[in-house]
S.K.: 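So that we are looking at the same thing, I have put the structure below in structure tokens.
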Amino acid sequence: MVRQPNNSFCADCEAPDPDWASYKLGIFVCMNCSGTHRDLPDVSRIKSIRLDNWEDDLVEFMRSHGNSAVKAHYEKFVPAFYYRPKQHDCVVLREQWVRAKYERREFTGEHMHLQKVYTSGHHEGMLWKKGKDNKQFMRRKFILSEREFTLVYYNKEDLSRGPKAVIPLRDLNAAFQPEKIGHHHGLQISYLKEDRTRNLFVYHDSAQEIVNWFNAIRGARFAYLKMVLSPTNDSQLLPLLTRSSLKEGYMEKTGPKQREPFKRRWFMLLSVDRRLLYFKTPMDALELGAVFIGTEAHGYAVRECVPRSTLRNKWKCGIAVDTPDRQFVFMCEREQDQREWIEAFKQVIAQPMLPQHYAMEADMNRRKS
């Protein structure tokens with residue numbers, strides 16, 4: 001049964017070759033998702049496909065159900081914008097997806113009221129937010145409005161004193177960063193402020209609530225993009241709702257003359273936006289700069305290099321990124337980091353540019369001139 005095409009991937013995160021099965025639901029799941037199922041004994045019971053004994057009646061139950069039939073029931077009313085986690089997504093996303101489907105039954109049609117928190121177009125509440133210039137997290141009031149197409153937050157619970165920031169949905173992005181933030185529910189919210197990326201680092205003590213925030217932001221972004229882009233198919237908007245970084249990490253960077261001292265910076269390569277952002281540290285609120293990454297046909301390329309000015313550097317693994325205006329040189333600590341960065345750059349360069357990318361490239365060039 002597990003070799004059947006529909007059962008050969010985890011019913012929850014699509015990991016290949018699942019080794020476990022829920023004999024109460026009739027689905028095949030991977031080891032990671034099986035852990036969440038074990039925490040839900042009222043709705044799911046887990047057995048190993050290979051190591052446990054299977055009674056004939058349980059085998060027949062699995063045969064009569066299977067991933068496709070069960071998903072058709074438990075995922076019948078998943079909103080188009082709702083994020084369906086994959087195997088490499090963070091724990092909180094995968095865990096809450098399983099709980100939403102089977103424990104809360106949010107998508108079967110029985111408890112549609114539970115979806116209002118992320119489908120109503122309005123969500124508000126308190127989040128723990130990191131200070132711009134310090135490491136302390138403070139409770140702040142956030143209000144998401146699809147009608148106004150904004151996310152607003154206040155430094156004080158007294159809203160009469162006005163918001164600290166009004167963030168347009170046009171530039172808004174939310175992505176989970178639990179390791180960077182140091183909390184299992186850590187969410188990084190980014191937007192443009194005076195043509196520079198501004199980061200907010202937030203979390204909520206409730207796993208369900210932070211995932212609701214994440215999907216509420218996706219829902220509001222979905223409505224905004226649907227209005228401004230008028231796509232022929234809603235599925236065209238899904239890659240634009242959450243712009244996760246293709247790769248992040250430290251590299252050393254020199255100046256345009258390549259004679260300046262190399263300085264260590266934290267880099268984020270955004271595939272959807274075709275931008276390489278750099279910060280002094282991973283938790284900086286404001287970017288120090290950005291590099292647009294176009295296609296080979298437009299004069300962009302990446303390769304290994306060994307700059308002469310790095311003889312005294314501890315980091316010896318060089319990368320040269322060619323753009324129409326200049327060459328950027330970066331140094332990595334290890335050859336593995338160098339290979340991974342080059343592969344990530346090549347992946348972005350190989351993607352065709354969309355109309356919004358040409359506008360973004362022109363805008364970034366205008367700001368530099």
Side-chain angles (χ1 to χ4, degrees), residues 81 83 118 121-124 127 129-130 132 140-155 162-177 180-181 186-202 210 213-231 234 236-246 248 266-279 282-294 348 351 353-368:
F81 62 81
Y83 188 74
Y118 45 81
H122 181 91
H123 189 49
E124 62 179 84
L127 294 173
K129 175 190 167 293
K130 178 185 172 292
K132 179 181 177 182
R140 296 292 183 251
K141 176 82 170 188
F142 283 77
I143 300 177
L144 177 70
S145 173
E146 184 180 303
R147 183 169 62 89
E148 301 292 337
F149 290 128
T150 58
L151 174 68
V152 178
Y153 80 89
Y154 298 80
N155 268 356
K164 175 66 175 177
V166 178
I167 305 168
L169 289 183
R170 177 187 66 247
D171 306 319
L172 183 64
N173 186 58
F176 277 96
Q177 292 277 12
K180 180 192 291 188
I181 295 173
L187 190 68
Q188 179 174 329
I189 297 173
S190 304
Y191 62 99
L192 289 180
K193 181 180 181 180
E194 298 175 354
D195 295 328
R196 297 171 68 192
T197 297
R198 168 79 163 96
N199 293 323
L200 306 179
F201 301 99
V202 302
I210 198 65
W213 268 106
F214 175 69
N215 281 300
I217 291 172
R218 284 176 59 88
R221 283 264 304 162
F222 183 76
Y224 170 78
L225 292 173
K226 194 170 182 178
M227 179 189 71
V228 298
L229 298 180
S230 301
D234 288 350
Q236 295 173 304
L237 301 178
L238 299 186
L240 307 178
L241 299 184
T242 299
R243 304 185 299 277
S244 298
S245 58
L246 184 60
E248 293 191 30
W266 181 265
F267 287 85
M268 296 177 61
L269 181 58
L270 305 179
S271 177
V272 173
D273 287 349
R274 310 188 73 102
R275 289 189 302 155
L276 177 70
L277 310 179
Y278 58 94
F279 306 80
M283 294 284 283
D284 275 6
L286 285 171
E287 72 171 53
L288 295 176
V291 181
F292 183 82
I293 308 295
V348 176
Q351 295 174 356
M353 285 176 58
L354 302 176
Q356 61 264 32
H357 295 140
Y358 291 99
M360 185 182 300
E361 181 184 30
D363 185 57
M364 291 177 68
N365 290 335
R366 175 187 57 78
R367 283 185 268 138
K368 291 176 182 178

S.K.: State, to 0.1 Å, how close E146 and A220 come at their nearest heavy-atom pair, and which atoms those are.
M.R.: OE1-CA, 4.0 Å
S.K.: My understanding is that only one of H357, E361, R243, E287 makes a side chain to side chain contact (heavy atoms under 4.5 Å, CB included) with R275; could you say which?
M.R.: E287
S.K.: Look up atom CD in Q356 and atom CG in L240, then write down how far apart they are to the nearest 0.5 Å.
M.R.: 6.5 Å
S.K.: Once you round to the nearest 0.5 Å, how far does CZ of R196 lie from CG of L286?
M.R.: 5.0 Å
S.K.: Could you pull out every donor-acceptor pair under 3.5 Å between side chains of residues 186-193 and any protein atom, sequence neighbours left out?
M.R.:
from : atom 1 : to   : atom 2 : distance (Å)
Q188 : OE1    : K180 : NZ     : 3.0
Q188 : NE2    : N199 : OD1    : 3.2
S190 : OG     : N199 : OD1    : 2.7

S.K.: State which residues pass side-chain contact (heavy atoms from CB on, under 4.5 Å) with L238; sequence neighbours excluded, sorted by chain then number.
M.R.: F222, L241
S.K.: Do you know the tightest heavy-atom contact between S271 and V348?
M.R.: CA-CG2, 4.2 Å
S.K.: Nearest heavy-atom pair of L225 and P231: which atoms, and what distance?
M.R.: O-CD, 4.5 Å
S.K.: Please step through side chain to side chain contact (heavy atoms under 4.5 Å, CB included) for the pair K129 and F201, ending with a clear verdict.
M.R.: CA-CA 6 Å; K129 175 190 167 293; F201 301 99; over 6 Å; no
S.K.: Quick one: CG on L169 to CE on M227, what's the gap to the nearest 0.5 Å?
M.R.: 9.5 Å
S.K.: Indicate the atoms forming the closest heavy-atom contact of M360 with D273, along with that distance.
M.R.: SD-O, 3.1 Å
S.K.: Show your working on side chain to side chain contact (heavy atoms under 4.5 Å, CB included) between I210 and L127 and close with a plain yes or no.
M.R.: CA-CA 9 Å; I210 198 65; L127 294 173; 4.1 Å; yes
S.K.: With no hydrogens and no angle check, is any side-chain donor or acceptor of E248 less than 3.5 Å from a backbone partner on M268?
M.R.: no
S.K.: So does N173 get a backbone contact from the side chain of R221, meaning a donor-acceptor N/O pair under 3.5 Å?
M.R.: no
S.K.: Given side chain to side chain contact (heavy atoms under 4.5 Å, CB included), test E148 with V166 step by step and report yes or no.
M.R.: CA-CA 10 Å; E148 301 292 337; V166 178; over 6 Å; no
S.K.: State the CG-CG distance between D284 and L277, to the nearest 0.5 angstrom.
M.R.: 12.0 Å
S.K.: Show the nearest heavy-atom pair for residues M353 and G294, with the distance to one decimal.
M.R.: SD-CA, 3.9 Å
S.K.: Is a donor on one side and an acceptor on the other found under 3.5 Å between the side chain of R140 and the backbone of N155?
M.R.: yes
S.K.: What class does the angle between the rings of Y224 and F149 fall in, given that below 30° is parallel, 30 to 60° is tilted and above 60° is perpendicular?
M.R.: perpendicular
S.K.: Determine whether a donor-acceptor pair (N or O, by modelled atom type, separation under 3.5 Å) exists between the side chain of D363 and the backbone of A359.
M.R.: no
S.K.: How far does OG1 of T197 sit from CG of L270, to the nearest 0.5 angstrom?
M.R.: 7.5 Å
S.K.: Can you check whether I293's main-chain N or O pairs, donor with acceptor, with R274's side chain at less than 3.5 Å?
M.R.: yes
S.K.: For residues I143 and H122, report the shortest heavy-atom separation together with the two atoms involved.
M.R.: CG2-CE1, 3.7 Å
S.K.: Which residue is it: Y118, Y83, F81? I am looking for the one with a ring-ring contact (aromatic ring centres under 6.0 Å, His included) to F214.
M.R.: Y83
S.K.: Name all residues meeting the side-chain hydrogen bond (donor to acceptor under 3.5 Å, both in side chains) criterion together with T150; count only those two or more places apart in sequence or in a different chain, and write none if there are none.
M.R.: none
S.K.: Measure the spacing between OG of S145 and CD of E124 and express it to the nearest 0.5 Å.
M.R.: 10.0 Å
S.K.: Can you tell if the side chain of P163 reaches within under 4.5 Å of the side chain of K141, non-hydrogen atoms only?
M.R.: no
S.K.: Could you go through F142 and H123, starting from their C-alpha distance and side-chain angles, then the distance that decides it, and tell me whether this counts as side chain to side chain contact (heavy atoms under 4.5 Å, CB included)?
M.R.: CA-CA 8 Å; F142 283 77; H123 189 49; over 6 Å; no
